[in-house]
Amino acid sequence: MPNTRYLRTVFFVSDGTGITAETFGKSIMAQFDIPVRYVRLPFIDSLEKARKVVEQINTVAQNEGVRPIVFTTLVNMDVVHVINADTHAVVMDMFATFVNPLERELGIKSHHRVGRFSDVAKSQAYRDRMEAINFSLMHDDGQMNKGLEESDVILIGVSRSGKTPTSLYLALQYGLKVSNYPLIPEDFERRQLPPSLLPFKAKLFGLTIQPDRLSEIRNERRPGSRYASLENCRYEVAEAESMMRRAGVRWLSTTTKSIEEIATTILQEVMPDRDY
């Protein structure tokens, strides 16, 4: 009998981590307003593992009464054949769909190396990302002012407005050194930005959020506190937005935006000429 909580199970099958297949597959499935269940199956790099995957997918197909959807990033052609031929599913092969046509168009063969972890770990871009992540962690929540001049971006906003996850996303995905700094009641009383940030005004970008949503988030952390009260959230958000407006700091509301959308906006506003 089909599961009533979701309409389809979606598998991401890869001989690497499966992150590429999952990222692409979820972006595709987001175009359809149906409840789905996601299952990631990484490191499928042998025929034995492939046969176990086929068994798992086919069991789901039988139990749910509909074909699962499978997104794959597999380079071992024997594994690809087993998955494509034996699963009772809709298989979306990303290499066959995108890499093979590009090979024909460019007239060269792609690397077709499983995961390519060793190549990535040795690259300068990878080392830059690791350095950026460490920098962003050290400069999270205003805990360190030293080295602020090295920041590519400095995020400001009230507590729990999305600064930390955005900082880490920019570091991980783009290798940017991101600091973030909370605006606190002392700043509102002075009615000006923290003095340590003033020399770096061009690097500042503000995040704000609707007070009712902020109150919900803070109540998950400190329920019933003044910190989480709607009245206090309204006050802090209004003061923070006024401060950023007076200082000429660009800002956006994170209330209905994903981290990807927030990061893209920041990149366009703060670093429009940078190549990624």
Side-chain angles (χ1 to χ4, degrees), residues 12 17-27 29-30 38 40 125-145 147-148 150-184 187 193-194 196-197 200 203-223 225 227-228 230 232-233 236-237 239-241 243-244 249-272 274 276:
F12 307 112
T17 63
I19 292 174
T20 300
E22 181 176 8
T23 301
F24 180 82
K26 283 185 175 180
S27 69
M29 295 307 301
Y38 293 117
R40 176 149 54 110
Y126 180 84
R127 290 193 291 269
D128 289 344
R129 280 195 295 155
M130 295 305 101
E131 184 180 346
I133 292 169
N134 287 330
F135 180 93
S136 299
L137 287 171
M138 288 189 297
H139 292 81
D140 180 45
D141 209 28
Q143 60 185 326
M144 180 184 290
N145 289 335
L148 277 177
E150 297 181 38
S151 305
D152 293 304
V153 181
I154 302 173
L155 300 180
I156 62 173
V158 299
S159 171
R160 311 298 287 181
S161 58
K163 300 183 301 301
T164 295
T166 302
S167 296
L168 294 177
Y169 181 85
L170 287 167
L172 178 61
Q173 294 295 323
Y174 299 102
L176 296 183
K177 293 181 177 179
V178 185
S179 305
N180 73 76
Y181 207 99
L183 298 177
I184 59 178
D187 300 319
L193 293 171
S196 59
L197 300 183
F200 313 109
K203 297 182 178 184
L204 297 182
F205 195 93
L207 301 183
T208 189
I209 186 172
Q210 290 180 0
D212 54 347
R213 178 58 183 147
L214 180 61
S215 179
E216 290 177 6
I217 295 171
R218 288 183 173 183
N219 267 301
E220 292 173 1
R221 185 179 185 184
R222 290 167 55 182
S225 64
Y227 165 80
L230 182 56
N232 182 60
C233 290
E236 289 194 19
V237 168
E239 289 294 322
E241 291 182 0
M243 181 183 297
M244 292 187 288
V249 174
R250 294 157 291 187
W251 52 279
L252 63 80
S253 174
T254 64
T255 309
T256 60
K257 288 183 170 57
S258 67
I259 290 177
E260 293 84 355
E261 289 174 307
I262 297 166
T264 299
T265 301
I266 291 170
L267 292 172
Q268 289 177 330
E269 291 286 336
V270 179
M271 317 182 79
R274 178 161 173 163
Y276 295 98

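Keep in mind that what you see is a predicted model, and the values were worked out from it rather than measured.
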Kindly indicate whether the side chain of T208, heavy atoms from C-beta on, has any atom under 4.5 Å from the side chain of V237. yes
Please round to the nearest 0.5 Å and tell me the distance separating atom CZ of R213 and atom SG of C233. 11.5 Å
Intermediate values then yes/no, side-chain contact (heavy atoms from CB on, under 4.5 Å), L170 and L267: CA-CA 9 Å; L170 287 167; L267 292 172; 4.1 Å; yes
Charged N to carboxylate O below 4.0 Å: is that the case for E236 and R218? yes
Gap separating the CD1 atom of I184 from the CD atom of E239, nearest 0.5 angstrom: 13.5 Å
Quick one: is the NZ or CZ of R250 closer than 6.0 Å to the six-membered ring centre of F205, and within 45° of its axis? no
Verify, without hydrogens or angle tests, whether T255 (side chain) and Q210 (backbone) share a donor-acceptor contact under 3.5 angstrom. yes
With distance as the sole test, does S161 use its side chain to make a donor-acceptor pair with the main-chain N or O of G157 at under 3.5 Å? no
Walk me through it: do K26 and E22 pass the test salt bridge (Lys or Arg N to Asp or Glu O under 4.0 Å)? CA-CA 6 Å; K26 283 185 175 180; E22 181 176 8; 2.9 Å; yes
Please round to the nearest 0.5 Å and tell me the distance separating atom OG1 of T265 and atom NZ of K257. 6.5 Å
Spacing of T254 atom OG1 and I262 atom CD1 [to the nearest 0.5 Å]: 5.0 Å
Could you give me the CA-CA distance, side-chain angles and deciding distance for D187 and L193, then say whether side-chain contact (heavy atoms from CB on, under 4.5 Å) is met? CA-CA 6 Å; D187 300 319; L193 293 171; over 6 Å; no
Do H139 and Y181 have side-chain heavy atoms sitting under 4.5 Å apart? no
Show the nearest heavy-atom pair for residues V270 and D152, with the distance to one decimal. CG1-O, 4.2 Å
Heavy-atom side-chain contact between Y227 and S159 under 4.5 Å: yes
Do you know which two heavy atoms are closest between L148 and K203, and how far apart they sit? O-NZ, 4.5 Å
Looking only at heavy atoms, which two atoms of R160 and I217 are closest? And how far apart? NE-CG2, 3.9 Å
Any non-hydrogen side-chain atom of L155 less than 4.5 Å from a side-chain atom of S167? yes
Taking every non-hydrogen atom, the tightest pair across S136 and L176: OG-O, 3.8 Å
Would you say that Q143 contacts M138 through its side chain, given a criterion of any heavy-atom pair below 4.5 Å between the two side chains? no
Nearest 0.5 Å please: distance from the CD1 atom of I154 over to the NZ atom of K163. 13.5 Å
Does any part of the side chain of Y174, heavy atoms only, come nearer than 4.5 Å to the side chain of R129, both counted from C-beta? no
Using a 4.5 Å cut-off on heavy atoms from C-beta on, say whether the side chain of I266 contacts that of T166. yes
Can you tell if the side chain of E131 reaches within under 4.5 Å of the side chain of K177, non-hydrogen atoms only? yes
Where do F200 and S179 land on the side-chain contact (heavy atoms from CB on, under 4.5 Å) test, with the steps shown first? CA-CA 11 Å; F200 313 109; S179 305; over 6 Å; no
Look at the rings of Y38 and F12 and say which category their plane angle falls in: under 30° parallel, 30 to 60° tilted, over 60° perpendicular. parallel
When rounded to the nearest 0.5 angstrom, what is the spacing between CG in L207 and CG in L183? 10.0 Å
